[in-house]
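Lettering of chains follows the sequences in order, A, B, ..., and the numbering in each one begins at 1. Quick note: numbers below take in every heavy atom, side chains included, and nothing from hydrogens, waters or symmetry partners.
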Protein chains: 2
Amino acid sequence: MATIKQVCELAGVSAATVSRVINGSDRVIEATRKKVQAAMDELGYQPNLAAQALASNRSNTIGMVISGLDGPFYGTMMAAVEAQLRELNRHLLIASGHGNAESEEEAIKYLSSRQVDGLILLTEGLSSEALLAISQSIPVFLINQQVPGLENRNVWLDNFGGAYRATQHLIEQGHRNIVCIGGPAFKQDANDRVAGFETAMRDAGLDVSGQPIFRVTFGVEGGRQAMNYFREQQLEYSAVVAGSDETAVGVYEWAEENGLVIPDDFSVIGFDNMNLSAYVRPKLSTVAFPIVEMAKASARMAFDVIYNKAHSEGVEFNTELVLRNSVKAL
Amino acid sequence: MATIKQVCELAGVSAATVSRVINGSDRVIEATRKKVQAAMDELGYQPNLAAQALASNRSNTIGMVISGLDGPFYGTMMAAVEAQLRELNRHLLIASGHGNAESEEEAIKYLSSRQVDGLILLTEGLSSEALLAISQSIPVFLINQQVPGLENRNVWLDNFGGAYRATQHLIEQGHRNIVCIGGPAFKQDANDRVAGFETAMRDAGLDVSGQPIFRVTFGVEGGRQAMNYFREQQLEYSAVVAGSDETAVGVYEWAEENGLVIPDDFSVIGFDNMNLSAYVRPKLSTVAFPIVEMAKASARMAFDVIYNKAHSEGVEFNTELVLRNSVKAL
DNA sequence: TTGTATGCGTTATCAG
DNA sequence: CTGATAACGCATACAA
């Protein structure tokens, strides 16, 4: 491994100058820059990261904690963040949490001890207060998490709008009695989706006072539970908006178990556009969102504020309705 | 951030001694060790990684390249590797490839320039020769890739056995005319699965000379292609063994498009046990394997040989048949 | 615009 | 078993 010393000898300049061209300083004349660049190329020089980090007190590494890597789109998100960061010549250190505050806290502690320059968080367990506290000591960037005081560090999905449009679509198809399976109440995105449902209903002059909303944990089992609940309540409905595609699968299973057929007996619309939504029968109509773009935006934002002291602004991403075969027009 | 200097002042020893207790050297008497430990605890001391790396010429980081993070189980694998490494006090640097040799090569180059201490490779594009070449300059550990000369650095799945048992199961259920959709011929695991199929057939005295094997790229579309091919060949079959669950989904779709019902008209068995196999109807019988265990084993192996100069041995993992509803007894 | 000198926090060599 | 001390490779004031 060539060192800066060999480069400066070959180029006939000082180490400081080489360091300047490495870091793209503008205080170096074009001629010397070229000379140095040539020397670096000839030697195949690669800066030693540890030395850089030690001298500059910067690891050039951003940490990312993901609450559970086996989730539907977390892998994709991570890959996109990694790609973006690599392009910007920074690195990504991953720590996977397990969906609970404790393990996420531990992951953050781990990353901090690895002295990352900043944190990208795709977590579910941490409270707003905890997040805010962490951000005092290290730049924090959020994905899909609205935290008061960190609005400008967040990249989020218009969950409200997505659910609104999904519900609206059902209404346009003639449905009036619509039931909603919401995610857990401690999850921001779940709440926004439920709110989107309610608003769309009200805007259409439809009643939502009859308990048509049931909260469950996301996942297949939740969908089944909710459907049983609706039956116990003897609710009439011709369509259900599910808080997630997985929940929708639970609804599918419940329908199957009860001899009901979708969308003839009732319609279903999901949220997330996971792969499975195209595999399931009937193919699931659902709400899609730009995973990769969101991830890249987050990485970009982190880069800009951490390394360029840029001012950042929160950015909202929009959903898109993906119409398949789980909704019937009445 | 406390430094080693403050620790040694507080403990009344030299930096060298502190360093020794940090690294668990045995050449330090118990009394001083305790003294130092107490000082470290009191100060909340955390060694500076960059300084350690610079001085020791070791990053304590292992790089991992994954050919495509959005794949079915790659995220899970990565999370498991990360967890294992973290437990061992090492770090994971990720680089995602895109399933082709070029991007994987670039990912490796990237990780090397980040001076990782070793590489865990879950790739698909790189040739054996390329892999072998890379391993000359840096310790390489493989997941699911048999490379001559790197046998002892590999953790792999018994793809042959898995396909063998799947086929055998079909035969036990009374099937005689069985057709096989294989993955691409340049993929080791695909070949092993095909071989497992052939052997199981032969062992049962069944004929495989009539072109019952068709190779496609993995994925839904591949399954459809293969089924069309079988029809063109006017092959008779009562069951198909698919090279992957995704391929099996393609078979499902083809059946649906052609008004055939599984498993009444023909049976299907998959491979991988992805989530979708439980979501699809009928639920897919398939071949499962221990993703997390394989990942951990790989991380452990890398750790042992890189940091403890241990000798390693390749380890094979076994599959398990997961019986659901896509196979009918004849 | 460039060079000099110093320090970053550890590890490792060599004495003691 | 412990202590000095010289690297490790680079960044950055400061000087020129």
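- In terms of modelled atom types and a separation under 3.5 Å, the side chain of Asp117(A) and the main chain of Asn60(A) share a donor-acceptor contact.
- With sequence neighbours excluded, no residue satisfies ring pair (Phe, Tyr, Trp, His ring centres under 6.0 Å) with Tyr45(B).
- A donor and an acceptor atom, one from each side chain of Ser59(A) and Gln115(A), are nowhere located under 3.5 Å apart.
- Salt-bridge formation is detected for the pair Arg33(A)/Glu30(A): a Lys NZ or Arg NE/NH1/NH2 atom is positioned less than 4.0 Å from an Asp or Glu carboxylate oxygen.
- One atom, CD1 of Ile22(B), and another, P of dT10(C), lie 6 Å apart when rounded to the nearest Å.
- Using modelled atom types and a 3.5 Å distance limit, the side chains of Glu104(A) and Asn100(A) yield no donor-acceptor pair.
- Non-hydrogen atoms lying under 4.0 Å from DNA chain C are contributed by Leu54(A), Ala55(A), all within residues 41-61 of chain A.
- A cation-pi contact, defined as under 6.0 Å to the ring centre and within 45° of the axis, links Arg86(A) to Tyr110(B).
- Using a 4.0 Å heavy-atom distance criterion, Val18(B) is classed as making no nucleic acid contact.
- For DNA chain D, the span of nucleotides reached by chain A at under 4.0 Å from its heavy atoms goes, 5' to 3', from dG9(D) to dA13(D).
- When the salt bridge (Lys or Arg N to Asp or Glu O under 4.0 Å) test is applied to Glu129(B), no partner is found at least two apart in sequence or on another chain.
- When the side-chain nitrogen and oxygen atoms of Thr17(A) are compared with OP1 and OP2 of dG3(C), one or more of them lie within a distance under 4.0 Å.
- A donor-acceptor pair under 3.5 Å is absent between the side-chain atoms of Ser298(A) and the main chain of Met294(A), judged by distance alone.
- In terms of phosphate contacts, Ser19(B) brings a side-chain nitrogen or oxygen within less than 4.0 Å of OP1 or OP2 of dT11(C).
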Short N/O separations, protein against nucleotides 14-16 of chain C, under 3.5 angstrom:
none

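- With Asn48(B) contributing its side chain and Ala50(B) its backbone, the two residues share a donor-acceptor pair below 3.5 Å.
- Side-chain atoms of Val292(A) and Thr76(A), non-hydrogen and from C-beta on, do get closer than 4.5 Å to each other.
- Between the two ends of the helix from dT1(C)-dA16(D) to dG16(C)-dC1(D), each summarised by a five-pair axis, the helix axis turns through 30° (rounded to 10 degrees).
- Residue Glu124(B) forms a side chain to side chain donor-acceptor pair (under 3.5 Å) with just one option from Gln145(B), His98(B), Lys187(B), and that option is Lys187(B).
- The main-chain N or O of Val116(B) is never found under 3.5 Å from a side-chain atom of Thr61(B) such that the two would form a donor-acceptor pair.
- The side chain to side chain contact (heavy atoms under 4.5 Å, CB included) test with Leu119(A) is passed by exactly one of Ile306(A), Ile108(A), Leu142(A): Ile108(A).
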